Structures are given as C-alpha cells and as structure tokens.
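Written out below as structure tokens is the structure these notes cover.
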Amino acid sequence: MTGRGRTCKAKSPDTKCAKSKSKPEEMKHESPPRCTRKDFKEEKQKGATKEQKLKVKAETTEPVTKSKMQPKGTTEDSPKTTKEQKSGRKEKSPEQSREEKTKVQPEDIKTTKTCTAKDKIPETNIQPLRPKENPKADRCEGKVDTILFTTLDKLRIKTDEKSYTSKVVNELVDAILSHLKQNTQCFKEAEPLRTGSYYENLKISNPDEFDVMLAIPVDRVDVSPFGDDGAFYSVELKRGNSHLKKFEESSTLSASKMLDEFRAEVKECAKKYPEWELTRKKKGCPAVTLIRTVQSVTVSLDIVLSLVVKSSWPSFTKEGLQIDSWLGTKVKREYKWLPYYLVPKFEGTGTEEKDGVLAKDTWRVSFSHVEKAILKNHGSQKTCCEKEGDRCRRKDCLKLLKHLLSLLKENNSSFKKFCSYHAKTTLLHACCSRTKDTDWRASSLSQCFRLLLADFVSHLEEGILNNFFIPTQNLLSSLSRNKCNSLARCIREECDKGFPIFK
DNA sequence: CATGTTCGCGAGTGC
DNA sequence: GCACTCGCGAACAT
C-alpha cells in the first residue's frame with residue numbers, strides 16, 4: 001500500500017523487469033515438498049513401463065542420434081483449424097465420470113437447456129460477469145466455450161519450435177554456468193533455477209521468453225526491511241561469504257555492485273556466442289537479458305542474479321501463502337522450510353536512501369521456486385491432472401487470462417504496467433478461495449474463466465492485489481485507480497460480449 | 001482416443 | 001562432492 005512506484009514495467013515483482021514472468025522455482029534443498037503428492041502413484045507405474053522405455057531408448061539412440069533437432073525452416077505459423085473440437089471434447093469424459101462418482105457439490109445442477117452436452121454448466125455461486133441465466137445465455141455459453149477452447153489451441157506451443165529454441169537456450173545457459181564456475185570466485189557456486197512461465201508450462205503462443213535465475217548461496221546474512229511493505233531488503237554479510245566481501249558498501253551487500261560484475265561476466269561469456277545480443281541494462285532490473293532470433297522469432301533469455309538464503313522467511317511473509325485449505329497445512333509447512341531468494345531489484349531512481357542504504361543496493365524477495373512448485377502441484381487432491389486423476393482448468397484459465405491481458409495491452413498502451421504476474425497472483429488467490437478441484441472442473445472452462453475474471457476485476461476495482469507471499473505488498477499500488485478501473489471495464493466488456501477479442 | 005515424442009527434472013549411480 | 005544416466009510426468013503430435 002505505500003505506493004512505491006514500481007519501476008520496471010511489469011512483470012513479476014521479483015525478477016522481471018520488462019517482461020512478464022515469474023520467478024525462481026525449484027528447491028533442491030533440504031525438505032522438498034514433493035514427497036507429499038505424486039510419489040505414491042509413481043511407484044505403481046514404474047514396473048511396467050520401465051522396460052519398454054529402455055527398449056525405445058536403446059533403439060533410438062544408436063542409429064539416428066539427432067534426427068530431430070533439425071531447425072525446421074518453416075517460419076510461418078500454420079493457421080490451425082482442426083483442433084478446437086478436440087479440446088472441447090476431451091474434457092467431457094473426465095468430468096462426466098467424476099460427476100457420477102461422487103463429490104457432488106450442493107449446487108451441482110446441470111442446466112440442460114438448449115445446449116450440447118459440453119455446455120452443461122453447473123450454476124454455481126458467483127455470477128458477476130455472467131450474463132443472466134436464461135436459455136439464450138446458455139447457448140451463448142456454449143459458443144463461448146468453443147471460443148475459449150479454440151483460443152487455448154492457438155496458444156499452444158509447438159513442439160518443434162520448443163525443441164529447437166530450448167536447445168539454443170540451454171546451450172547458452174550451460175555456457176554461462178561453466179564460465180562462471182571456471183572464471184569467477186564470487187559466482188562460482190551459482191545454482192541455476194529455471195523459472196517463469198516457460199518452465200511452469202504456462203507459456204503461451206511462442207517459446208520466446210526464458211528465465212533462469214542463477215542463485216548464489218550465502219552463508220549467514222542479516223536481512224532488514226527497506227521500506228515498509230516487506231518487499232525490499234538490505235543485506236548484511238556476517239561470517240563466511242568471503243568471496244562476496246568485495247561487493248560490500250559500508251556494511252551492506254551492494255546489489256548494484258554485484259549485479260554490475262555479474263553482468264560483465266555474462267557479457268564476457270556471451271561474446272563467444274555472437275548470435276546472442278546483450279540488451280541494455282534496465283534500471284532496477286535484476287535480469288541480464290540476451291536476445292537472438294530463432295526461426296524468425298525473437299527469443300529473450302533473462303539471466304537473473306540472485307542470492308539463496310537458507311533461513312526462515314522474513315516476518316512479512318507470516319500472513320502470506322494462505323494455502324491451508326487448498327493444499328493443506330503440511331504442504332505449507334514444507335514450502336516454508338525451503339530457502340528464499342533475493343534479487344537485485346529496486347524501484348524508483350535508486351538514489352533514495354534509508355538508514356544509510358541506497359535503494360539501488362537493495363534486494364527484493366522472490367519465491368519463484370514455491371510458485372513453480374505450487375503450479376505444478378496445484379490440486380487439492382493428489383491426483384489432480386494426473387493420468388488417473390481428473391483434469392482441472394486452473395492452468396488453462398491462467399493462460400487465457402494472460403492472453404486476454406496481453407491483447408488488451410496491445411490495444412491500449414496505458415495498460416503497460418499490468419503484467420502477467422498480476423494474472424498469476426490473481427489465480428493463486430482464486431485457488432485459495434475456490435479450493436476444491438471440482439471448483440475448477442474440466443467441464444466448466446468458460447465458467448471457471450469467468451469466475452477468475454470476476455476476481456481480477458474486483459482486485460482492479462479495489463485497487464488491491466496483494467503479493468501472494470507478502471500480503472503487505474500491494475502489486476497495484478503504483479497503478480492509478482483510473483487505469484485499474486479502465487482495465488476492469490475492458491474486461492467486463494469482453495466478458496459480456498463473449499470475448500470478441502479472442503476471435 | 002490411444003499411442004508416441006520431446007523436454008524438464010529429480011533420483012540413482014559411479015567415479 | 002560431482003557429472004552422467006535413467007525414467008517419469010506434462011504437454012504436444014499423430
């Protein structure tokens with residue numbers, strides 16, 4: 001709430017600046033939250049499949065080693081027509097079977113009116129963004145479903161593009177990592193943390209944005225809030241950390257010094273890869289961004305310096321991560337045992353000073369690893385979206401919201417500062433208020449999506465969207481009420497008209 | 001629709 | 001401690 005101007009265009013508060021991403025991810029430390037879910041069934045499936053795979057692998061690897069990495073030369077995007085149906089249809093079986101089974105929610109009424117099977121939509125609670133209930137509306141709802149499925153299909157990333165792009169990106173990331181290991185002391189221990197929508201399987205349209213955090217472990221540090229919303233901190237090195245001493249500025253670890261040197265090293269390494277171009281430094285942004293053209297698409301790779309802090313999370317996070325009724329208290333506890341990250345990001349010009357610390361030497365907390373883990377394990381049931389489980393729409397809805405937002409931004413430049421992190425945060429909050437997997441049932445794409453939009457619109461109208469981990473930080477604080485209301489209006493309009501923007 | 005592919009990723013293994 | 005291999009899940013393709 002203390003509106004501190006969020007400088008970097010959009011993105012996630014933490015890592016990104018200009019683009020939209022999210023952040024770190026994984027956690028490879030002491031207590032992985034992973035054990036909670038999938039492991040069980042994994043055991044089951046193992047036996048049978050193993051041999052088959054071995055076989056396959058053996059065959060493929062020998063003769064044709066790399067037949068597939070050919071950069072296929074096609075640059076145009078194929079119009080795809082045929083698929084909408086498919087996706088529309090897919091959903092049914094899962095849902096239906098589940099409906100019969102159990103978990104009938106109180107209001108699980110199917111409105112069989114005029115529509116086809118897939119349009120049956122339970123009339124649940126909220127209806128803010130939904131046209132009134134009447135046969136006509138339901139028919140529209142069916143059409144909307146089709147539009148949304150078609151849109152999702154268009155947003156799908158093509159395998160061959162992904163294949164080629166990821167190869168190119170991985171090559172550079174590997175090179176940078178080994179460069180840092182071999183040629184530097186201070187960054188030698190960098191651990192890569194692949195974050196952001198690509199690595200969360202939420203990337204839409206093209207595989208053209210990659211985020212990799214390079215996390216430097218720190219021993220003991222004292223972390224003190226900078227500003228009053230708990231998003232920014234200054235860092236003081238205690239014992240150990242000798243290789244980081246050179247970045248000290250009076251007694252604090254200077255984010256700007258460290259980032260400058262990091263950037264210089266990345267630049268040095270990138271020289272050997274002339275296809276990649278280092279973009280200009282953006283004030284307050286923790287990323288070193290490299291771009292190159294791959295099959296006529298401009299791909300950007302954000303390399304984000306960060307610190308891994310393996311101690312308990314800052315007190316401002318205490319009331320955050322309210323996932324108890326969605327994912328459970330055990331899961332929450334496991335997440336909270338993980339380390340957290342700090343990225344060299346600041347807002348404003350960098351010259352404000354508090355207690356002798358300059359803004360440009362401060363760090364912002366990042367929980368990208370937890371975001372990634374949650375998105376991956378997003379079900380209230382362990383089996384959500386697994387082979388044998390029921391499919392949910394959480395991720396589809398987020399993709400659609402991101403897409404909607406980016407289209408609206410294209411149309412209206414005053415929306416520049418809204419970013420996909422706002423969408424992601426909205427989804428996380430939404431999952432906490434509609435906690436059951438059945439709330440996101442596969443059969444109800446348009447309804448789930450409308451509910452999510454309703455959430456987003458009300459955040460906008462209130463002007464409040466709290467950071468999921470740091471509830472005192474309002475992600476909309478730097479956006480005027482006017483802009484928020486105006487965006488809210490646009491979204492309502494799309495909703496009312498059946499999303500003409502997607503057509 | 002079922003089956004096959006690829007990438008990402010963690011677990012296991014061997015040094 | 002590491003690097004490398006193996007096998008699985010998710011998402012896409014056929």
Side-chain angles (χ1 to χ4, degrees), chain A residues 24-61 64-72 77-78 80 82-94 97 149 152-171 173-174 177-178 181-182 188-207 210-212 217 369 372-373 375-379 382-389 391-396 398-399 442:
Chain A
E25 46 165 332
E26 286 337 313
M27 31 203 111
K28 22 197 81 176
H29 308 275
E30 27 289 70
S31 63
R34 46 188 107 98
C35 46
T36 43
R37 315 191 161 249
K38 332 205 137 181
D39 299 293
F40 300 68
K41 60 181 39 194
E42 282 175 13
E43 308 282 31
K44 284 184 201 159
Q45 314 188 298
K46 267 177 194 170
T49 40
K50 254 174 206 186
E51 282 134 26
Q52 303 171 279
K53 300 232 164 172
L54 283 181
K55 221 180 269 174
V56 176
K57 206 161 250 194
E59 288 166 10
T60 50
T61 38
V64 205
T65 356
K66 41 197 65 182
S67 50
K68 7 215 103 197
M69 35 191 62
Q70 246 69 38
K72 62 80 155 305
D77 17 14
S78 49
K80 42 198 39 201
T82 52
K83 322 203 142 183
E84 46 209 300
Q85 339 259 110
K86 204 189 256 181
S87 34
R89 184 166 313 139
K90 252 178 220 166
E91 328 314 341
K92 295 186 183 180
S93 48
S97 54
F149 283 127
L152 278 174
D153 254 330
K154 284 192 280 207
L155 298 179
R156 176 170 297 159
I157 289 184
K158 278 158 221 79
T159 300
D160 56 346
E161 288 173 20
K162 179 181 177 187
S163 186
Y164 189 64
T165 309
S166 67
K167 182 169 158 271
V168 161
V169 167
N170 288 335
E171 183 189 18
V173 171
D174 290 346
L177 259 175
S178 45
K181 283 192 197 313
Q182 287 162 21
K188 184 171 61 180
E189 301 173 79
E191 310 166 353
L193 207 51
R194 283 156 221 262
T195 74
S197 59
Y198 175 85
Y199 295 105
E200 287 169 343
N201 284 313
L202 287 166
K203 188 71 186 75
I204 51 177
S205 306
N206 300 111
F210 293 78
D211 301 292
V212 179
H369 54 320
K372 184 175 178 181
L375 265 306
K376 193 173 182 191
N377 250 330
H378 55 258
K382 293 174 190 173
T383 53
C384 183
C385 291
E386 288 183 357
K387 254 183 295 226
E388 334 252 314
R391 171 93 197 277
C392 85
R393 289 288 174 208
R394 292 177 178 93
K395 288 168 115 185
D396 286 336
L398 178 51
K399 287 183 189 176

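Note that these values count all heavy atoms, side chains included, but never hydrogens, waters or copies made by symmetry. Small disclaimer: the values here were computed from a predicted structure and weren't measured.
A/E386 has its CD atom 11 Å from the P atom of C/dA11, to the nearest Å. C/dC8 atom C1' lies 10 Å from atom NZ of A/K376, rounded to whole Å. Between A/K158 atom NZ and C/dA10 atom P the separation is 23 Å, expressed in whole Å. Computed from coordinates, the A/L202 CG to B/dG8 P distance equals 15 Å when rounded to whole Å. Whole-Å rounding puts the A/Y164 OH to C/dA13 C1' distance at 21 Å. Atom C1' of nucleotide B/dG8 and atom CG of A/L375 are separated by 15 Å, given to the nearest angstrom. Summarising the geometry, the separation between NZ on A/K188 and P on C/dG1 is reported as 14 Å, rounded to the nearest angstrom. Here the C1' atom of nucleotide C/dA11 and the NZ atom of A/K162 are 6 Å apart, to the nearest Å.
Taking CG of A/N201 as the reference point, atom NZ of A/K399 lies at 7.0 Å (rounded to 0.5 Å).
Each of A/K399 and A/K181 was matched to the nucleotide of DNA chain C holding its nearest heavy atom; the match closer to the 5' end belongs to A/K181.
With A/R391 contributing its side chain and A/C385 its backbone, the two residues share no donor-acceptor pair below 3.5 Å. In terms of modelled atom types and a separation under 3.5 Å, the side chain of A/K203 and the main chain of A/N206 share a donor-acceptor contact.
The residue A/K395 sits close only to the backbone: its heavy atoms come under 4.0 Å of sugar-phosphate atoms, none of a base.
For A/T159, the side-chain atoms get nearest to C/dA13 when compared with the rest of B/dC9, C/dA10, C/dA13. Between C/dA13, C/dC12, C/dA10, one nucleotide has an atom nearer to the side chain of A/N201 than all others, and that is C/dA10. Comparing B/dG8, C/dC12, C/dG9 by their nearest atom to the side chain of A/K387 picks out C/dG9. Here C/dC12 is the nucleotide among C/dC12, B/dC7, C/dA10 with the atom lying nearest to any side-chain atom of A/R156.
Neither OP1 nor OP2 of B/dC7 sits under 4.0 Å from any side-chain N or O of A/K167. The side chain of A/Y199 contributes no N or O atom lying less than 4.0 Å from OP1 or OP2 of B/dC7.
The side chain to side chain contact (heavy atoms under 4.5 Å, CB included) check on A/K162 picks up A/I157, A/Y198, with sequence neighbours excluded. Legend: residues meeting side chain to side chain donor-acceptor pair (under 3.5 Å) with A/N170, ordered by chain and number and at least two apart, are A/R194.
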